[in-house]
There are 2 protein chains.
Amino acid sequence: MKKDKLDDRKKKVLQAIVEEYINTAEPVSSGTLSKGHGLDYSSATIRNDMAQLENIGFLDKPHTSSGRVPSAKGYRYYVNELLKEDNLSLEEIKYIQKKLEVKVNEIEDLTKAATTTLSEITHYTTVAVGPKADKQIIEEIKFVSLGQRMLMVVIVTDTGLVKETIIKFDEDITNSQVDTLNSLFNVRLKGKPLSKIDKPMAEYIFSEVHYSVGIMKAIIEQINKIVDEEDNSIILEGAKNSFDLPEFKSMKVAKNFVNLLDTKEEMLDIFNSGDAEDINVFIGDDDENSNLKDFSIITFKHTMGDKDLGTIGIIGPKRMDYAKVIAVMKYISKKLNEDNNKKEGM
Amino acid sequence: MKKDKLDDRKKKVLQAIVEEYINTAEPVSSGTLSKGHGLDYSSATIRNDMAQLENIGFLDKPHTSSGRVPSAKGYRYYVNELLKEDNLSLEEIKYIQKKLEVKVNEIEDLTKAATTTLSEITHYTTVAVGPKADKQIIEEIKFVSLGQRMLMVVIVTDTGLVKETIIKFDEDITNSQVDTLNSLFNVRLKGKPLSKIDKPMAEYIFSEVHYSVGIMKAIIEQINKIVDEEDNSIILEGAKNSFDLPEFKSMKVAKNFVNLLDTKEEMLDIFNSGDAEDINVFIGDDDENSNLKDFSIITFKHTMGDKDLGTIGIIGPKRMDYAKVIAVMKYISKKLNEDNNKKEGM
DNA sequence: TTTAGCACTCTTAATATTCGATTGCTAAAT
DNA sequence: ATTTAGCAATCGAATATTAAGAGTGCTAAA
């Protein structure tokens, strides 16, 4: 990697370009910058800086005679080095508090409320993804009979998340069978990670009792479903907002966006790769021809103590308002963890 | 309404125009029709027919010297009077059978499989919406304690749908309290429609026992959630496919589509208004400036005997392949009901 | 009743032209 | 050594012009 040591004025120029471009979505010219951006230099001076910033890869030029646009590297430098903390307005703080305090019943409700609120305040599309199965510890597993031929399996994890599924049988299930299932599964699985409830484990458990093949098969099948449920626990909010952004005038960008949300894989990779402690900023690569090319994703982990409750994130244009988004996220993140710890300590 | 009695040739012309436009998405000219569409008339003759069809509102002209495009009324006539049944290919039939027989455990799974399959075969966006609360009868209501301070409420309806929610308390819940809740709620609510579980009912039930206000409030709150859950039971598949359609080159159309799926209300109105017996075809009004203007929606009710299991539908451009979609829907609908009745009779 | 013929309309694509924003460079100013 | 003014050169975006062609409507003939 190059040295990328910027003198003060170049930093200011880069910052001004990024911020101006975030506001206007138009390439930024040296003239614009020389007046009214706290940069008391002539356009020629700024022009020189811009040329050098372009040389070391912080800026791009859409065409020979146009203003500059930040490159992915430019955004990255801006986010890491130049970003100044944004402050939320009193209204925003009040609004967030109100939205988050209403729903205190379920972790899922809280996640949902946080996701919605994040989208409402930032006007970007927000996504929440539940924690991965191998990170959750089984605290309780319960079989509940419903009618004669239905059984509900409820699994409570250490994070307070509850997963359940229903199993239907071709034959009647007796109460004593239910009892046996309850004690067997609890003994074998309590304290184990959720991902341990797999086929071999179920088969092992069944080897100790004598159930019909039909019952065993039905249970094993549904149990796999619970473990693989990641897709089902995705919350999506405010997708329509994105379509008001100028970048969505390009059909290609709009299509990439829809693909991203519909296919989910690329998105999940980024959501799951983030650091647990921080707010993570992913900036779409310039040249790559993936669906993410034109987008940035900012995520944070929703936690309770040291337990993972999933990831909440924003998907927006690379030209997104990083300062604002990060500020809102920090606040919501803090609020969530406060609430959770309060509850945990009860 | 006008007479709209069409002679045979005009019917053929209208049908040819609709079908050609469905295929090409381009306005259809008299010349195109006169050769190679089974219409052995000169372009001039067809031109005359087209002019008359336009007069009575079956066709539109994008501009003075272009071919014709079907109007909403034209599509409507085509669907009601001219549509000839399409046949599924053997592969398609096999594919549907395979997809639907795998998941036999849960009604929800079956609905999900049907929705996915419908989208895969038609390449349109499909949506499934659960039945409304007032149509479902409570068959069993069960409170299950999880840990010391969590309670899960499970409601089984006559249609075999299971709804559940979790309630967290600030105080411990005793086993005898759970028992009381179980018997009270079951006695009062079994056999009643789901929509009956409302606030007054809960308060009435609570008047018979003496619980802390905290417990009552928490239960009532979550119970309302179950009843209003319509939004949560929406399944959406294949949204990205729509963005490959030529009509989505128009930003306006794409935006309307996203609004439709994001806001849901307009869409739900149409889904819920359909006739229970039939395949319902809604065709977007020409002039209206709603989000639906450019789209058609085709729905059918998923039933078991005479019980409503919800509605499954397709949202596509007005220029959608009605024959194909209706054929696939009819087949899937038949299959679903077969399966359900088989299970019901077990 | 149908069709050939033809003038007319209007879109689309291609081409040219203008306009202006912006740059890069050079030479002068600080 | 740094900054700036000045200016030619570049290139895109907007506008105008033209040409080509697809399609219609109408009239008169078949």
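Chain naming here is simple, since letters A, B, ... match the order of the sequence lines and numbering starts at 1 in each.
The CG-P distance, from A/Asn48 to D/dT3, rounds to 9 Å in whole Å. As rounded to whole Å, 18 Å separates atom P of C/dG20 from atom CD of A/Glu26. A/Leu33 places its CG atom 14 Å from the C1' atom of C/dT23, with the value rounded to the nearest Å. If you measure from atom CE of A/Met50 to atom P of D/dT3, you get 16 Å, rounded to the nearest angstrom. In this structure, A/Arg68 places its CZ atom 14 Å from C1' of D/dC11, rounding to the nearest Å. Look at CD on A/Glu20: it is 11 Å from P on C/dT22, rounded to the nearest Å. When rounded to the nearest whole Å, the span between CZ of B/Arg9 and C1' of C/dT2 equals 8 Å. Here the C1' atom of nucleotide C/dT3 and the CG atom of B/Leu39 are 15 Å apart, to the nearest Å.
Out of D/dG25, D/dT4, C/dT3, the shortest distance to the side chain of B/Ser42 is found at C/dT3. When distances are taken from the side chain of B/Tyr41 to each of D/dT4, D/dG12, C/dT2, the shortest belongs to C/dT2. Closest to the A/Ala44 side chain, of the nucleotides C/dG24, D/dA5, C/dT23, is D/dA5.
Annotation: side chain of B/Leu53 is in contact with side chain of B/Val13 (closest heavy-atom distance under 4.5 Å). Between B/Asp294 and B/Lys318 there is no side-chain heavy-atom pair separated by less than 4.5 Å.
Residues B/Pro62 and B/Thr45 both approach DNA chain C. Their nearest nucleotides, taken by heavy-atom distance, put B/Thr45 toward the 5′ side. Residues B/Thr64 and B/Ile46 each lie close to DNA chain C; by heavy-atom proximity, the contact nearer the 5' end of the strand is made by B/Ile46. If you find the closest nucleotide of DNA chain D to A/Asp40 and to A/His63, the one lying nearer the 5' end belongs to A/Asp40.
Taking the six-membered ring for Trp and thresholds of 30 and 60 degrees, A/Tyr75 and A/Tyr21 have ring planes inclined between 30 and 60 degrees apart.
Judged by distance alone, with hydrogens and angles left aside, B/Ser65 brings a side-chain donor or acceptor within reach of the base of C/dT9, the pair sitting under 3.5 Å. Taking only distance into account, the side chain of B/Arg47 meets the base of C/dG5 through a donor-acceptor pair shorter than 3.5 Å.
Remark: D/dA30 base-pairs with C/dT1. Criterion, Watson-Crick or G-U wobble with two distances under 3.5 Å.
Among the atoms of the strands shown, none is found under 4.0 Å from any heavy atom of B/Ser43. Residue A/Ser29 is classed as a sugar-phosphate contact, given heavy-atom separations below 4.0 Å to backbone atoms only.
Cation-pi geometry between A/Lys73 and A/Phe58 is satisfied (NZ or CZ under 6.0 Å from the ring centre, within 45° of the ring normal).
Put simply, B/Lys61 has a side-chain N or O that comes within less than 4.0 Å of OP1 or OP2 on D/dG25.
Between B/Glu247 and B/Arg319 a salt bridge is recorded (basic side-chain N to carboxylate O distance below 4.0 Å).
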